[in-house]
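A short write-up of the structure that comes next.
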Amino acid sequence: MSLVIAAGRWLPFLAWWPNVTRATLRDDATAALTGAMIVLPQAVAFATIAGLPPQYGLYAAMVPAIVAALWGSSWHLVSGPTTAISVLVFATLAPLAEPGSEQYIGMVLTLSLMTGLMQLAMGLARLGAVVNFISHTVVIGFTAGAALLIVASQIKNFFGLAVPRGASFHETLLYAGEHLGEAHLWVTLVGVVTVAAGVLAKRWLPRWPYMIVAMVAGGLAAALLNAVLGQATTGIETVGALPRAVPPLSMPDLSFSTLQGLLFPAAVVALLGLTEAVAIARSIATRSRQRLDSNQEFIGQGLSNVAGAFVSAYPSSGSFNRSGINYASGARTPLAAALSAPILLAIAVVAAPLAAYLPVAAMAGILFIVAWGLIDWHHIGDIVRRHPRERLVLLVTWIGVLVDLEKGLFAGIVVSLLLYLYRTSQPAVDERAPPPAELGNPRRKMVAAGPDVPPCPQVAMLRLRGSIYFGAVEHVRDQFRRVDAADPKRRWVMLLAQGVNFIDLAGAELLAEEAQRRKALGGGLVIVGAQPAVEHLLRRSGAIDAIGPARLVAHKGEAIRNVYPQLDADVCRACTRRVFFECQARLPNDEPRLDLPGDTRSPTP
């Protein structure tokens, strides 16, 4: 059995390989061809964002895609270069080395290796649930901030401005504003034509790859301007022909100073990459009805980045666009994602010389379109209108990313977790009582107590929804004290605990303390409907000894029958509320109940 489990983790493709048939192979090949055509312009664009030569985007879409498909768990996830990872790579390494230089490329490969090793270690340690702590709002804020960073990084190429290297977001905007009059007219015109063509193609030609349409439009505009005015006059630069498409073997920079300097950035890239990959895989798995293993996905992503470090690939992750297209194109097995790499290689060999005619301004225009598409306007508007706390998370993440990308992401995660802890530290507690229409009903339907639904003058029925853990102890203690402050005669508390899913040692000690305190006052604490896990913790911690085994009951009716005989008969004699079924006929001391002046109910025998 252990050998089977080990084979499932290290050779997961053995599980689905027997399902490959001639029919599935045909469908997978069709999906792979579609994905390869889509990734070609994207890969070139993403490499530009990352500050790398264009061919490195193609390298990142080849070997890492094959490894992630074979060693991951998703049937449809396609890995490769992504916008967010590309922005993060550039923002992290641009201050350390000249983008595109040999030193920069060496550091990028080291970042791939460290990222992959961290992801692999997390997968082997079965930490797949870690990505659940990154909220959707943080991801939305991060991508919105990354979109603006993309725009800022391409301003110099779109307008032909000499923006200083390493300028921050606000410094870039200030420089562009001050030197906008120095923009190259013909360079900017090519960028505008590219954006217009891409937007129109996306709107009116949905079946056409809008990026390719935009590239062709920008290239034709640049060729026409250069032919009429001359390249010396227009100042239009081109990307240049791509070198061989086969990924060359590479060696990361393993010097101590590089490893030390990239430790924190690698952790950020690893976490963001896993978040992207698992989120995308899960969203598609819900439609394909596949059971996903997050830990195995961690292993697949880690191995893909480790392998990529030695074949000239910068850090990769799951791509939402290519994964969605892969699924929509009819992919049946992970073989579709693996086949996309050799098909991309074949296409790149044919298309590589054409890059010599691709203007740099056209690439900037395409990236402007990509950046606009990254901003989730719908969810941002919904968060701003309806969710004040999430609004804070969104704002902190967005502004933090613009100031310092990786630290901004962590700031958003921290704020999100703090708000979560704040919410869970104040579990909802409300008092319950039967409405007038239910008085005398043995089924004991309860609603929120209030002026029209008065509670029992001796028993407080508190419903708690949430967890009683160390962070919530003071809040729950305050709720118990409020019962005393409102009416000192209410010495009994029934805690309706059906909504309590978790309790820790501090929570158990609080309940034991409250039970002892109420016992000293002449009352007690009764816990109703505790979940099995809660009851187990109360017994294991010894808190049940202070509370009393008989005070841990399953139903409200049982609790009321046990408590009612112990109430003060004199108080009940003067009470006209008769909240409980037991109140209707007899007093707690078994004395027959007599109607009193002011009691408007019918006499009860």
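Judged by distance alone, with hydrogens and angles left aside, the side-chain atoms of Thr48 form a donor-acceptor pair with the main-chain N or O of Val44 at under 3.5 Å. Although no hydrogens or angles enter the test, the distance criterion places a donor-acceptor pair under 3.5 Å between the side chain of Gln231 and the main chain of Ile236. Between the side chain of Ser425 and the backbone N or O of Tyr422 there is at least one donor-acceptor pair closer than 3.5 Å. Judged by distance alone, the side chain of Ser340 and the main-chain N or O of Gly35 form no donor-acceptor pair under 3.5 Å. No donor-acceptor distance shorter than 3.5 angstrom exists from the side chain of Thr238 to the backbone of Pro359, with no hydrogens or angles considered. One N or O on the side chain of Gln290 and one on the backbone of Trp75 form a donor-acceptor pair closer than 3.5 Å. Proximity of a side-chain donor or acceptor of Glu390 to a complementary backbone N or O of Thr137 within less than 3.5 Å is not detected. For the pair Asn226 (side chain) and Thr234 (backbone), a donor-acceptor distance under 3.5 Å is absent. No donor-acceptor pair closer than 3.5 Å links the side chain of Thr92 to the backbone N or O of Val89.
Side-chain contact between Ser74 and Ile284: absent, with no pair of heavy atoms (C-beta onward) separated by less than 4.5 Å. A 4.5 Å side-chain heavy-atom check between Phe90 and Tyr104 finds at least one atom pair inside the cut-off. Using a 4.5 Å cut-off on side-chain heavy atoms (C-beta onward), Val311 and Pro248 make no contact. Side-chain atoms of Leu109 and Met251, non-hydrogen and from C-beta on, never get closer than 4.5 Å to each other. Counting heavy atoms from C-beta outward, Leu272 and Phe142 have side chains that approach closer than 4.5 Å.
Thr333 and Asp28 form a side-chain donor-acceptor contact under 3.5 Å, judged by distance and modelled atom types alone. Between the side chains of Ser294 and Glu297, no donor N or O sits under 3.5 Å from an acceptor N or O. Side chain to side chain, Asn305 and Ser112 fail the donor-acceptor criterion of an N or O pair below 3.5 Å. Side-chain atoms of Gln301 and Ser79 include a donor-acceptor pair closer than 3.5 Å.
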Q. What's the verdict on side-chain contact (heavy atoms from CB on, under 4.5 Å) for Ile49 and Thr83, showing C-alpha distance, side-chain angles and the deciding distance?
A. CA-CA 8 Å; Ile49 294 174; Thr83 311; 4.2 Å; yes
Q.
Between Val130 and Leu271, does the side-chain contact (heavy atoms from CB on, under 4.5 Å) criterion hold? Intermediate values first, please.
A. CA-CA 9 Å; Val130 169; Leu271 191 58; 4.0 Å; yes
Q: Could you walk me through whether Ile105 and Tyr56 pass the side-chain contact (heavy atoms from CB on, under 4.5 Å) test, one step at a time?
A: CA-CA 9 Å; Ile105 294 173; Tyr56 280 82; 3.7 Å; yes
Q.
Does Leu263 form a side-chain contact (heavy atoms from CB on, under 4.5 Å) with Leu259? I'd like the steps, not just the answer.
A. CA-CA 6 Å; Leu263 187 61; Leu259 294 174; over 6 Å; no
Q: Could you check Thr258 against Asp253 for side chain to side chain donor-acceptor pair (under 3.5 Å), going step by step and ending with a plain yes or no?
A: CA-CA 7 Å; Thr258 300; Asp253 179 2; 2.8 Å; yes
Q: Please test Ser168 against Glu171 for side chain to side chain donor-acceptor pair (under 3.5 Å), starting from the C-alpha separation and ending with a verdict.
A: CA-CA 5 Å; Ser168 63; Glu171 289 172 345; 3.3 Å; yes
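Taking CD1 of Ile299 as the start and CD of Gln296 as the end, the distance is 4.5 Å to the nearest 0.5 Å. Distance check: Ile366 CD1 to Gln42 CD gives 10.5 Å after rounding to the nearest 0.5 Å. With rounding to the nearest 0.5 angstrom, the OG atom of Ser312 is 11.0 Å from the CE atom of Met62. Here the straight-line distance linking atom CD1 of Ile380 with atom CZ of Arg391 works out to 13.0 Å at 0.5 Å rounding.
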Donor-acceptor contacts under 3.5 Å from residues 179-204 side chains, at least two apart:
from   : atom 1 : to     : atom 2 : distance (Å)
His179 : ND1    : Tyr175 : O      : 2.9
Thr188 : OG1    : His184 : O      : 2.9
Thr194 : OG1    : Val190 : O      : 2.8

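Within a 6.0 Å sphere centred on CZ of Phe264, heavy atoms belonging to other residues, nucleotides or ligands number more than 12. Remark: Tyr357 OH is loosely packed, at most 12 non-hydrogen atoms of other residues, nucleotides or ligands lying under 6.0 Å away.
Residues passing the side chain to side chain donor-acceptor pair (under 3.5 Å) test with Ser250, sequence neighbours excluded: none.
Classification of the Tyr327-His76 ring pair by plane angle, with boundaries at 30° and 60°, yields perpendicular.
Taking every heavy atom of both residues into account, Ala338 and Ile66 meet most closely at O-CG1, 3.6 Å.
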